[in-house]
There are 2 protein chains.
Amino acid sequence: MLNRNDYTPLYVQLQRIIRQDIIRGKYKEGDMIPSEAQMMKLYGVTRTTIRKAISDLVNEGLLRQVQGKGNFVCLREVKQNIWNFSGFTDYVTKKNETPVSKVLEQRIITQDGREWMKLVRVRGIKNKLATLWLTIDTSLVPLSVFPGIDQYDFSRQSLYSIMKQQYKTVPTHALLQIEPIMGDKNTKELLAYEEDIPLLQANGTVISEDEAEIEQVQVIYGPHMNFKIVTSI
Amino acid sequence: MLNRNDYTPLYVQLQRIIRQDIIRGKYKEGDMIPSEAQMMKLYGVTRTTIRKAISDLVNEGLLRQVQGKGNFVCLREVKQNIWNFSGFTDYVTKKNETPVSKVLEQRIITQDGREWMKLVRVRGIKNKLATLWLTIDTSLVPLSVFPGIDQYDFSRQSLYSIMKQQYKTVPTHALLQIEPIMGDKNTKELLAYEEDIPLLQANGTVISEDEAEIEQVQVIYGPHMNFKIVTSI
DNA sequence: CAGTGGTCTAGACCACCCT
DNA sequence: GGGTGGTCTAGACCACTGT
């Protein structure tokens with residue numbers, strides 16, 4: 001129970017209770033914890049206080065909130081923010097190679113009540129003798145922001161160059177999440193490798209100067225990619 | 001200004017305004033942004049809404065809150081969070097957790113004709129009931145730059161705090177390479193997981209202000225780590 | 001002292017999910 | 001429809017910081 005004479009803020013006391021219940025196994029991975037309304041009655045505090053406690057636990061990665069359903073235990077994810085990340089963009093140009101793209105899929109889909117162009121490409125570099133496929137790139141581009149963008153041929157022109165030239169929109173930020181994955185059979189064929197080795201995958205959102213979401217992107221980096229990061233602390 | 005007819009939540013609109021002001025340089029590193037009371041008048045919303053907007057920006061690492069003084073732009077703090085360099089210890093402490101380190105190996109080796117302290121640690125966070133192991137860190141520290149550093153007990157003090165306090169040397173840059181790996185049996189035991197899932201590994205060099213190489217490091221990130229990246233293109 | 005952020009109350013209406 | 005979280009209002013009192 002909460003102690004109102006304690007100097008410790010109520011929401012901190014509440015956090016400790018919830019955290020301990022999770023660690024002790026009262027609520028297990030994927031379980032729903034009591035609803036905010038229930039906790040209001042149970043602990044005799046307002047919803048604001050409950051939500052402050054929960055909000056911090058979400059940031060810790062211990063809980064996940066789902067609208068209309070509830071708050072759930074989520075025993076993974078410790079988050080880190082990273083700046084100054086330079087990835088594939090510079091990679092090819094720095095190597096003085098010719099970038100190539102093969103379009104695997106390009107069509108309009110509806111998702112979350114919005115229309116998007118879905119674009120799946122294999123991207124790589126080419127020299128006289130061979131083509132080295134490096135990444136599989138899946139993009140969702142909102143048609144509301146880029147009407148008619150599905151008419152372009154993205155095996156010949158890059159997505160960002162079209163956005164810049166035809167729509168005067170420039171990507172300025174990206175929110176990405178990196179995780180290691182095992183490629184499936186299809187991935188192995190596209191990126192031309194055989195071994196059972198793990199790959200890197202980045203998922204995220206690309207944002208323009210005026211904070212519009214201009215692309216949802218998933219990139220699978222093949223075994224020939226090196227991820228170099230230069231960073232200032 | 002805020003648009004009350006927009007379906008976008010007011011606090012999100014507010015975040016965008018503040019973020020843009022920071023990015024565009026209206027508020028610079030270390031500046032105080034307008035006080036919450038001022039913003040209430042300025043935007044005609046309650047303090048709760050203001051604080052929700054600010055709270056998220058704090059979690060993004062863009063602002064820092066100081067009681068009794070104000071809310072300040074904080075681009076430096078974000079950069080400190082890069083891949084644990086500059087400190088796992090700082091990072092974890094900020095999250096109100098207790099960092100723990102277990103030293104697996106600490107000895108002097110000779111490599112490339114130089115003497116190094118080799119330090120292998122498992123690192124994690126601890127609360128009363130459980131310890132969550134997050135990373136396996138292997139560091140090579142040149143004895144020529146840090147003579148006698150092998151005498152310290154790194155299960156009790158962090159490597160960077162010793163470098164800072166005893167040797168007046170601060171890490172400022174890192175050159176890193178990220179790759180996915182499969183953990184071996186030993187890795188699974190140390191990071192306490194069972195499944196055959198791929199992990200992330202970072203290899204690199206940490207460099208001080210005067211461009212001296214102060215550490216060669218390899219970090220294996222366990223399945224509980226989740227990487228979020230915020231980047232400017 | 002006045003100004004700042006930190007905590008908390010007691011409501012309200014909405015969007016979403018499931019049945 | 002009834003339950004859930006998401007957003008927002010209009011206050012209150014406190015702790016901390018400076019002058």
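Naming: A, B, ... by sequence-line order, numbering from 1 per chain.
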**OP:** Sequence neighbours left out, what passes salt bridge (Lys or Arg N to Asp or Glu O under 4.0 Å) with B/D196? Give chain and number order.
**Re:** B/K188
Subject >> Contacting residues from residues 36-44 of chain A, given that a heavy atom lies under 4.0 angstrom of DNA chain C >> reply: none
Is there any protein nitrogen or oxygen under 3.5 Å from a nitrogen or oxygen in nucleotides 17-19 of chain C, and what are the pairs?
none

Original post:
Looking at residues at least two apart in the chain, or sitting in another chain, which of them share a ring pair (Phe, Tyr, Trp, His ring centres under 6.0 Å) with A/F146?
Top reply: A/Y167
Original post:
Would you say C/dG5 has OP1 or OP2 under 4.0 Å from some side-chain N or O of B/N71?
Top reply: yes
Original post:
In chain order, what residues pass the ring pair (Phe, Tyr, Trp, His ring centres under 6.0 Å) check against B/Y193, with sequence neighbours excluded?
Top reply: none
Original post:
Who are the side-chain contact (heavy atoms from CB on, under 4.5 Å) partners of B/T49, not counting sequence neighbours?
Top reply: B/L10, B/Y11, B/V45, B/T46
Subject >> side chain to side chain donor-acceptor pair (under 3.5 Å) involving A/S155 - partner list, sequence neighbours excluded >> reply: A/D153
**OP:** Using atom types as modelled and distance alone, determine if a side-chain donor or acceptor of B/Q13 lies under 3.5 Å from a backbone N or O of B/N3.
**Re:** yes
Original post:
Who pairs with A/E105 by side chain to side chain donor-acceptor pair (under 3.5 Å), at least two apart in sequence or on another chain?
Top reply: A/R107
**OP:** Could I get the full list of side chain to side chain donor-acceptor pair (under 3.5 Å) partners for B/E36, not counting sequence neighbours?
**Re:** B/R47, B/R51, B/N71
Original post:
With nearest nucleotides of DNA chain D determined for A/Y7 and B/V45 from heavy-atom distances, which residue corresponds to the more 5′ nucleotide?
Top reply: B/V45
Original post:
Taking only residues two or more places apart in sequence or in another chain, which ones pass side chain to side chain donor-acceptor pair (under 3.5 Å) with B/S35?
Top reply: none
Subject >> 5' to 3' contact window, DNA chain D with chain A (heavy-atom distance under 4.0 Å) >> reply: D/dG3 to D/dT7
Original post:
B/R51 has an atom CZ; how far is it from atom C1' of C/dT4, in whole Å?
Top reply: 11 Å
**OP:** Only counting residues at least two apart or in another chain, list the ones meeting salt bridge (Lys or Arg N to Asp or Glu O under 4.0 Å) with B/D6.
**Re:** none
Subject >> Residue whose closest nucleotide on DNA chain C lies nearer the 5' end, B/R47 versus A/R4 >> reply: B/R47
